[in-house]
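Naming convention: chains lettered A, B, ... in sequence-line order (proteins, then strands); numbering from 1 in each chain.
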Amino acid sequence: MKVIKNKQIIEDDWILLGDGHTIPSAGNIIVGLSHWNGEKDLLQQRAGKTAVVLGSDENPEDILQLDRLELIAIDFPKFSDGRGFSHARRLRERFGYKGELRAVGNVLRDQLFYMYRCGIDSYALQDGKDFQGALEAFDEFDVTYQAAVDDPRPLYRRVAR
Amino acid sequence: MYQYDIHDQRIVEQRAKQFRGQVERRLSGEITESEFKPLRLQNGLYMQLHAYMLRVAVPYGLLNSAQIRMLAHIARTYDKGYAHLTTRQNVQYNWPTLEDVPKILSDLASVQMQAIQTSGNCIRNTTSDPFAGVAPDELEDPRPYCELIRQWSTFHPEFAFLPRKFKIAVTGTPDHDRAAIRYHDIGVRIVQNEQGEKGFQIWVGGGLGRTPFIASVVREFLPYEHLLSYLEAILRVYNLHGRRDNKYRARIKILVSEHGVERFTREVEDEWALMKDSALKLTREEIQRIAEQFTPPAYEALEPLDLKLQAQTLGGDRAYARWITNNVQKHKQPGYSIVVLSIKQKDIPPGDLSDTQMDAIADIADKFSLGHAVVTHSQNLVLPDVRSQDLPELFKILSSLDLATPNFGLLTDIICCPGLDFCDLANARSIPIALKISKKFDDIDYLSDIGPLSIKMSGCINACGHHHIGNIGILGIDKHGQEAYQLMLGGQDSDDASIGKIIGPAFDETTVVGAVETIVKQYLSIRVSDDETFLQCYRRVGMAPFKEALYEGH
Amino acid sequence: MYIYYRTRSCKMARMAQPKGTHFVVSAGDTLTGAPMYMKLDGTWTSKLSEATPIDDEAQRDALISLARGQERLICDPHAFNVTVDNGSPVPISVREKVRALGPTTPLRRPD
């Protein structure tokens, strides 16, 4: 998957598998939540890592054995569907998830900074979008007011005001 | 008034720069209109019938004279020489071009203003009582809490793509709520518990539009330090569980209604329990820092003035006497008054101010009101700190500017949305009807005799004119492709909240004004005394006498 | 005269409305938001009187599709119903009438 990660554009070998696809015996795959929950032992017997994609209408608390997952993809099915931001924060703050959070789906450059603040590490923009230009999104604001994952302190606890 | 520090200033400047980049990418074709639209909405830029419309944020309605002058400058330089006051204490421009909007945002930033989150499915302007800080019946000034909420909600990364827009209002009075908190997504009321501690009563799920709702109390007493964490919990529950399948069922009022208040409250309290002791908990220092910027100004030690006596000694100018009675309100500081400027001028859309009027108001604010004015949600302007001894001189100056109409709270103090003359969403024009009503009732003696009566008018069901909560509400509808007007009676926007009931079949533009007149005449003929207001009369007698007067015997 | 409006017969009411004989393709000017109307040659005019009324639905849809590729010039292309009077399109709806003529109220207090 081509993603922005750590303010760089990289290609890694995670593959997002839609439902109904045959599971390859090797390779790093991202499967749906119910598939993981139902088949995690089997899946982990494969050569290759398995990760989970959380739908916007699904819940982080429903992910079984969260700490076995190196990566969780958070789906943004429409850019107007903002549930993924809450899912990311809850995974970080409530469940202490330490692995990689990746935004997939309809990911807009102008949401990247908010995603970053909610604890998302990597961003799969759609094909054809300007990845290079999107890097600028992280530097458009160097002051933020409220507590979030990137800094759990509101502004007045970070600086003298 | 809150003064930006370097951090606040940097945020608005970076935002203006970001939007400039977004406009450039739109104009070059790098991003499509459908990608650009949510971005321009989050900067308050709509496309309407004739032009773009820019909604400038005025946090809790408060403006200083430098800001008023800048609003005048923007009207003159980038628009058609006027601006419009909105029903959420903001200011709108109807004619900016896309290329000019980044310049407008930079100009606004230079006077500590912005257009952030005034549209889109995010947290909007936090509104309040237009008499905040100076009203004698206030328990505590709500504005510092509004400012805290503003900062917390500005670019909140988790809540930028909510199911729908989100509106918060804060009031500081135990009763006579002037911020309509019962009709907001979240209403916050400053209260005091039995131990004498101050805190907040939290209301959730009010709103107008297609499905009007009066909010429910979800928390009777919230200690002050938990304000932001509690709001965060509510917003998270809404973000996760608000409906996203149907735009017309997506507000939090629907969620509260569908889950029921008990279940909704439990969901919020469960979420809140896990975050209440996080860094969201407010410190005394932070509240103090903000509250210090709202401390009362250095008032002069003045004797209280008997305004009626003062009016008499001025040779009994009846216009002045009327103005004192209707538009001048008691101030908590002896010798001072609160003055309401009626921005309901003859033949001009309600709430519209010309650039020359705005420049003059800036000078008036400096000379008479310690440099401040407040936009009200009834589309008027308040001068909060006027020395009572200055009232005669102020009246003269306001009269010369057509800003001294003594009709505050009376029938011709109409709340009216822009309607089909401007707005893309409207079904019918609203402004011409409001102007016809004002013309019909322009006799001030008659108006005073009628007494307090709120008319609120919307050009469509989105209810930006708050028609559900007017004593007389008027809703513009589309009937066979023609404009028609539905009347409702009995709405109230304060403590004794009620939603108006439709009286009967709709009227057209030639008959609706006569219908209003018939209703008023009926009220005058059946009221038990001159002191019984229209609303009191309606609540006593019900719809029947009015319905009869309107529809039968014709 | 009082007009009776029944919410339930909304659909019937709309069917009773004269549908118009033609369409005009319209959009908003990207720079100013002003209404623009399409002429026969596919270019845009700000004057409704210069717009070309079309009576063919397929042609209308094709022109709207064409317009969608012109986002640097215009936004939100759509069509509305008109009748034709002396070659000039006359909108059916109040909305498009107001859009073509401008606000029906004075804009600004005369100084």
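The shortest non-hydrogen separation linking B:P349 to C:P106 is CD-O, 3.4 Å. Pairing each heavy atom of B:L49 with each of C:P35, the nearest pair is O-CG, 3.6 Å.
For chain B, the option among C:D29, C:L73, C:L31 with the highest count of heavy-atom pairs below 4.5 Å is C:L31. When each of B:D100, B:L435, B:D402 is scored by its heavy-atom pairs under 4.5 Å with chain C, the top score falls to B:D402. Taking C:E96, C:R99, C:R95 one by one and counting their heavy-atom pairs under 4.5 Å with chain B, the maximum is reached by C:R95. Your options are B:T32, B:V512, B:L353, B:D347, and the one with the most heavy-atom pairs under 4.5 Å with chain C is B:T32. For the set B:G504, B:S28, B:G29, B:A426, the count of heavy-atom pairs under 4.5 angstrom toward chain C peaks at B:S28. Between chain C and the options B:L27, B:V23, B:N94, B:D352, heavy-atom pairs under 4.5 Å are most frequent for B:L27.
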Requested in this report: Starting from the C-alpha separation in whole Å, work towards a yes-or-no answer on side-chain contact (heavy atoms from CB on, under 4.5 Å) for B:W95 and C:L107.
Outcome: CA-CA 11 Å; B:W95 308 92; C:L107 285 191; 3.9 Å; yes
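A salt bridge links C:R108 to B:D355: at least one charged side-chain nitrogen sits closer than 4.0 Å to a carboxylate oxygen.
Within the 3.5 Å criterion, the main-chain N or O of B:S354 finds no donor-acceptor partner in the side chain of C:R109. In this structure, the side chain of B:Y52 engages the main chain of C:T30 through a donor-acceptor pair within 3.5 Å.
Remark: C:D41 CG is packed, more than 12 non-hydrogen atoms of other residues, nucleotides or ligands lying under 6.0 Å away. The number of heavy atoms from other shown groups lying within 6.0 Å of NZ (C:K97) is above 12. Within 6.0 Å of NZ on B:K501 lie no more than 12 heavy atoms contributed by other residues, nucleotides or ligands. Within a 6.0 Å radius of NZ in B:K436, other residues, nucleotides and ligands contribute more than 12 heavy atoms.
If you take OG1 on C:T104 and CZ on B:R429, they are separated by 4.0 Å, rounding to the nearest 0.5 Å. Atoms OG1 and CG, from B:T356 and C:D111 in turn, are 3.5 Å apart once rounded to the nearest 0.5 Å. Here B:R26 contributes atom CZ and C:E71 contributes atom CD; the two are 5.0 Å apart, rounded to the nearest 0.5 Å.
Both the backbone and the side chain of B:E33 come within contact range of chain C, each with at least one heavy atom under 4.5 Å from a heavy atom of that chain. Proximity to chain C (any heavy atom under 4.5 Å) is restricted, for B:Q357, to the side chain, taken from C-beta onward. When heavy atoms are compared at a cutoff of 4.5 Å, B:I348 approaches chain C solely by way of its side chain, counted from C-beta outward. Looking at B:D424, both its backbone and its side chain come within 4.5 Å of chain C, counting heavy atoms on both sides. Neither the backbone nor the side chain of B:P418 comes within less than 4.5 Å of any heavy atom in chain C.
Between B:L98 and C:T32, every side-chain heavy-atom pair lies at or beyond the 4.5 Å cut-off.
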